[in-house]
Amino acid sequence: MDYAPTSPIAPGRSYYEDTVERPFYPALRESLDVDVLVVGGGFTGLSAALNLAKTGAKVVLLEAHRFGDGASGRNGGQIGTGQRLWPDELEPEIGFEKSLALFRLAEEAKASLFEFLDVNQIDVDLRYGQLAVAHKKRYLADFRSQVEALTERYAYPHASFMDREETIARLGTNRFFGGIRDTGTAHLNPLKLVVGTASAAANAGARLFETSPVERLEHRGNRHIARTATGTVTAPNVLLATNAYGHDLSPALDAHVMPIGSFIGATEPLEDETILPGGECCHDSRFVVRYFRRSRDNRLLFGGREAYTSATGDIARHIEKQIAEVYPQLEGVRLTHAWGGHVAITMKRMPFVETSRNGLTAIGGFSGHGVMLANFAGRLYAERLAGNRNRLQLLEDLDIPPFPGGTRLRGPLTALAMTWFAFRDRF
Ligand SMILES: Cc1cc2nc3c(=O)[nH]c(=O)nc-3n(C[C@H](O)[C@H](O)[C@H](O)COP(=O)(O)OP(=O)(O)OC[C@H]3O[C@@H](n4cnc5c(N)ncnc54)[C@H](O)[C@@H]3O)c2cc1C
């Protein structure tokens, strides 16, 4: 059992780290003057660097630790469909037309990711299908109405309602009451995607640096100057893609994006073939969502349990308990890996994008829905800078409010609210 942390910013060694070699990139040890500086080497930053380099821009990316040490290399790998909020939740807020535009954007994000993997021949253990399941009977009506909305109003042909019998057969447990089967999406090994995107960005001409935390960001004249311990980068445009891990570089990100701990465990390879026999990934209707899937080598990767403070506790013990609740036949199963990371949430559970007049853009807060969207947001940023199109505006227009209580009080206030929702999950 190897739970020793390998990322300085997240607990535990992830299963993904044992599935792919991560090449090292150098630290910044010089002064560079470029068109665009990207801060943060997760999906958002790496995809922005790749797409900017493809347009011919001179781009530098600075990552504080190693690529994938943030959420992008340690997540559940589920791609999802549409936005984090369902159409029924979004429409009352922003209306049908905008909700449809955001749905189409997300579908394009999905297609763009599949195309990227295909064109660059990047193997990320891709498997198709996602199941969303109701842990309480009372949610079934919402699931039915979601399928109706997707099929009839959003012209999405891949979602169908599952009754209890089908749900039991597809999951290999009788703990859920029904749900949605979505054959139009997939799941993947996120660290392999990080490694592949970094390599594509470097090949396209982006200059990538690891172990280079930006310590200060200043604005002088029409340029930004970023300082690390051993170098500087000057650029007229800066993308802050630091998500839940950046502090103090952008008051806007700090105010609108909040870290929440989420945790995953990997079992040893399973003999049991009744668990998710179709190979789909799955997530349930709990507010503190449980999400699980089988890896290529037949382990159960099971995520759940959120934490609203920096204390992580015994991750393995909590995840083992949750696995046994969903799959009693796995009671006592050994976890080979247990790890966690920060999910960046916003007040509306939709991404936060903000551009100040002086060429500083902050993107983050995908609220557990960033595997495709963070990647695509990086591309949209590059598109905007190249002057081609401005679809990033759709996200920027979402008008995400800051968390109440400022950076000091928002943690305890949100913890209180979340604890109430987690309590409600049980009844
Ligand atoms: C446990 C877990 C499970 C999840 N499951 C899913 C899922 O199944 N499906 C899904 O769609 N989403 C999921 N997510 C969310 C998803 O991982 C994120 O939305 C996505 O990875 C965000 O990417 P990012 O590039 O914006 O941020 P990150 O990947 O967090 O990258 C930010 C980077 O910025 C760097 N950084 C911070 N400060 C500085 C600085 N001063 N200088 C330089 N670099 C800096 C950090 O080191 C980090 O590498 C999950 C997240 C977690 C943690």
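Whatever order the structure lists ligands and atoms in, that order sets their numbers, starting from 1.
- Of all atoms in ligand 1, numbered sequentially from 1 with element shown, those under 4.0 Å from a heavy atom of H65 are 47 (O).
- Shown in contact with G77 at under 4.0 Å from a heavy atom are these atoms of ligand 1, numbered in order with element: 7 (C), 8 (O).
- In the vicinity of L249, heavy-atom distances shorter than 4.0 Å reach the ligand 1 atoms 41 (N).
- At a 4.0 Å cut-off, at least one heavy atom of G368 sits close enough to ligand 1 to count as contact.
- Within 6.0 Å of CZ in R391 there are more than 12 heavy atoms belonging to other residues, nucleotides or ligands.
- Under 4.0 Å from ligand 1, the heavy atoms of Y291 that appear belong solely to its side chain.
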Under the side-chain hydrogen bond (donor to acceptor under 3.5 Å, both in side chains) rule, what do H187 and R293 come out as? Steps first, then yes or no, please. CA-CA 8 Å; H187 54 103; R293 63 195 185 96; 3.0 Å; yes

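- Nearest protein heavy-atom neighbour of atom 24 (P) of ligand 1: T44 OG1, 3.4 Å.
- Of all protein heavy atoms, the one lying nearest to atom 48 (C) of ligand 1 is E63 OE1, 3.5 Å.
- Between S72 and ligand 1, at least one N/O pair is under 3.5 Å apart.
- Selection from T242, L253, N243 by nearest heavy atom to atom 37 (C) of ligand 1 gives T242.
- Rounding to the nearest 0.5 Å places CD1 of I400 at 10.0 Å from CZ of R349.
- Every heavy atom of A244 sits 4.0 Å or more from the atoms of ligand 1.
- For ligand 1, the atoms lying closer than 4.0 Å to a non-hydrogen atom of V343 are 51 (C), 52 (C), 53 (C).
- Between F103 and Y156, the gap from one ring centroid to the other is short of 6.0 Å.
- Of all the atoms in ligand 1, the ones that sit under 4.0 Å from a non-hydrogen atom of A241 are 32 (C), 33 (C), 34 (O).
- Listed by number with element, the atoms of ligand 1 under 4.0 angstrom from any heavy atom of L62 are 43 (C), 44 (N).
- With respect to K110 and E108, no salt bridge is recorded, no charged nitrogen being found less than 4.0 Å from a carboxylate O.
- Around atom 30 (O) of ligand 1, the closest heavy atom drawn from C281, A71, G261 belongs to A71.
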Please determine whether side-chain hydrogen bond (donor to acceptor under 3.5 Å, both in side chains) holds for the pair Y381 and S47, giving the CA-CA distance in whole Å, both sets of side-chain angles, and the decisive distance to 0.1 Å. CA-CA 9 Å; Y381 173 75; S47 157; over 6 Å; no

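- Residue F43 places at least one N or O, backbone or side chain, under 3.5 Å from an N or O of ligand 1.
- For the pair G340 and ligand 1, no heavy-atom separation below 4.0 Å is found.
- Between F114 and Y128, the distance from one ring center to the other falls under 6.0 angstrom.
- With rounding to the nearest 0.5 angstrom, the CG atom of D399 is 12.0 Å from the CE atom of M350.
- Atom 5 (N) of ligand 1 has its closest protein heavy atom at G76 N, 2.9 Å.
- Taking the six-membered ring where tryptophan is involved, the planes of Y245 and H342 are essentially parallel, since the angle between them stays under 30° and well short of 60°.
- The shortest N or O to N or O distance between R74 and ligand 1 is not below 3.5 Å.
- Of the candidates A10, G42, S47, G42 brings a heavy atom nearest to atom 31 (O) of ligand 1.
- A salt bridge links R13 to D18: one of the charged nitrogens lies within less than 4.0 Å of a carboxylate oxygen.
- Of the charged side-chain nitrogens involved, none lies within less than 4.0 Å of a carboxylate oxygen, so that E215 and R227 do not count as a salt-bridged pair.
- Remark: E115 CD is loosely packed, at most 12 non-hydrogen atoms of other residues, nucleotides or ligands lying under 6.0 Å away.
- Selection from I9, L188, I264, N75 by nearest heavy atom to atom 50 (C) of ligand 1 gives N75.
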Check step by step if ring pair (Phe, Tyr, Trp, His ring centres under 6.0 Å) holds for W86 and F143. CA-CA 10 Å; W86 285 3; F143 279 86; 5.3 Å; yes

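- Ring centroids of H256 and F352 are separated by less than 6.0 Å, placing the two rings close together.
- Nearest protein heavy-atom contact of atom 9 (N) of ligand 1 is Q78 O, 2.8 Å.
- Within the 4.0 Å heavy-atom criterion, neither part of P190 lies near ligand 1.
- Between D272 atom CG and N298 atom CG the span is 9.0 Å, to the nearest 0.5 Å.
- Close contacts of ligand 1 with G341, meaning ligand atoms under 4.0 Å from a residue heavy atom, involve 53 (C).
- Summary of contacts: the protein heavy atom closest to atom 19 (O) of ligand 1 is G370 CA, 3.2 Å.
- A heavy-atom separation below 4.0 Å is not found between G303 and ligand 1.
- Ranking the protein heavy atoms by distance from atom 41 (N) of ligand 1 puts V214 O, 3.1 Å first.
- By the 4.5 Å heavy-atom criterion applied to side chains, L392 and I363 are counted as neighbours.
- Set against the non-hydrogen atoms of H342, the atoms of ligand 1 under 4.0 Å away are 53 (C).
- Here atom 45 (C) of ligand 1 lies nearest to A64 when heavy atoms of G45, S262, A64 are compared.
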